[in-house]
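This report refers to the structure that appears directly beneath it.
Numbers here are sequence positions counted from 1.
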Amino acid sequence: QYVTLNKQWSKEKLLEEISQFPERFSPNVILRTLYQEHIMPNIMYIGGPSEIAYWLQCQDLFDVRKIDYPFLALRSHFLFLSKKASKIKLKLDLSNIYLFRTYEEKVKHIIRKFKLLNIDTHLNKLNQLLLDIEKEIRTKDHRVLDSFFVFEKRISNEINRLNTKIIKFEKTKHEVILQKIRTLNDEVFPSKNIQERVISFMPYYIKYGKSFFNLLIQESSIFVNKYTILTEEDDINII
């Protein structure tokens, strides 16, 4: 079955529809890459992640039509951090990698540094104890294993419940820290989207002039797929 918002076709019905009403069908989505490379051939095509994924689906089409398929390269990616965001990142001792994690992941990561009980350490000890008990049961009486697994699952659920309550308590105790994380997260993911899909280059161009574009060109690389983090202090970190 082939389905649109308000209609369904079998393969036969769809072929009949194409034959009778070809003007109702556009090849642009599937064949745009072929049009593009037939009219203006390229040695290399540089695009974003979604665009490259789209092109990767089209190679068989190029082979069938005997059109040269270009090399594909991922474009450069940039994240701009204001002075305020850079100071927050430094104060929270947050790594570059964690900048791209979700708000909740950032909170959990930072709260662990302050919370009154480190569950992970005790959990590792408990897991080892349970593993030792399981091994001993296996050597003596397999019939008890099912009951042991039920017990093990119950303990795991209770530990997770306790950990959730501890994190909730720590959140209320560290509201100032949470506000800083929100501020940082809103800059990295404005409107809950990746920064480069939301912000414009204009504020940076107005502030720094042509040197801003020179910096982007200098830090761009189509052969090294890394995210470049630029701060307003002109300190550049590549991760």
When the ring planes of Phe201 and Tyr205 are compared, do they come out parallel, tilted or perpendicular, using 30° and 60° as the limits? perpendicular

Report the C-alpha separation of Glu51 and Arg32 in whole Å, then their side-chain angles, then the decisive distance to 0.1 Å, and conclude whether the salt bridge (charged side-chain N to carboxylate O under 4.0 Å, His left out) test is met. CA-CA 12 Å; Glu51 185 76 356; Arg32 190 264 291 175; 2.9 Å; yes

Does some side-chain heavy atom of Leu79 sit less than 4.5 Å from a side-chain heavy atom of Leu99? yes

In terms of side-chain geometry, is the basic nitrogen of Arg182 or Glu104 positioned less than 4.0 Å from the acidic oxygen of its partner? no

Applying ring-ring contact (aromatic ring centres under 6.0 Å, His included) as the test, list every pair that has at least one member in residues 24-44; sequence neighbours left out. none

Going by salt bridge (Lys or Arg N to Asp or Glu O under 4.0 Å), name the pairs with one or both residues in residues 189-210, residues two or more places apart or in two chains. Arg75-Glu196, Lys207-Glu232

Which of Thr183, Leu184, Ile177 passes side-chain contact (heavy atoms from CB on, under 4.5 Å) with Ile181? It is Ile177

Lys180, NZ atom: more than 12 neighbouring heavy atoms under 6.0 Å: no

Considering residues at least two apart in sequence or located in another chain, which fulfil the side-chain hydrogen bond (donor to acceptor under 3.5 Å, both in side chains) criterion with Glu158? Arg161

Residues forming a side chain to side chain contact (heavy atoms under 4.5 Å, CB included) with Gln128, sequence neighbours excluded: Leu131, Asp132

Tell me, please, which residues at least two apart from Ser26 pass side-chain hydrogen bond (donor to acceptor under 3.5 Å, both in side chains). Asn28

Hydrophobic clusters here meaning ILVMFWY residues chained together by side-chain heavy-atom distances under 4.5 Å, can you tell me if Ile43 and Ile46 are in one? yes

Side chains of residues 2-12: which donor-acceptor pairs under 3.5 Å do they make with residues two or more places apart or in other chains?
| unit_1 | atom_1 | unit_2 | atom_2 | d |
| --- | --- | --- | --- | --- |
| Thr4 | OG1 | Lys7 | N | 3.4 |
| Thr4 | OG1 | Lys7 | O | 3.4 |
| Ser10 | OG | Lys13 | N | 3.2 |

Atom CE of Met44 with >12 non-hydrogen neighbours under 6.0 angstrom: yes

Is any side-chain heavy atom of Phe148 closer than 4.5 Å to one of Leu130? yes

Flag this pair as yes if the NZ/CZ of Arg154 is under 6.0 angstrom from the six-membered ring centre of Phe151 and inside a 45 degree cone about the axis; otherwise no. no

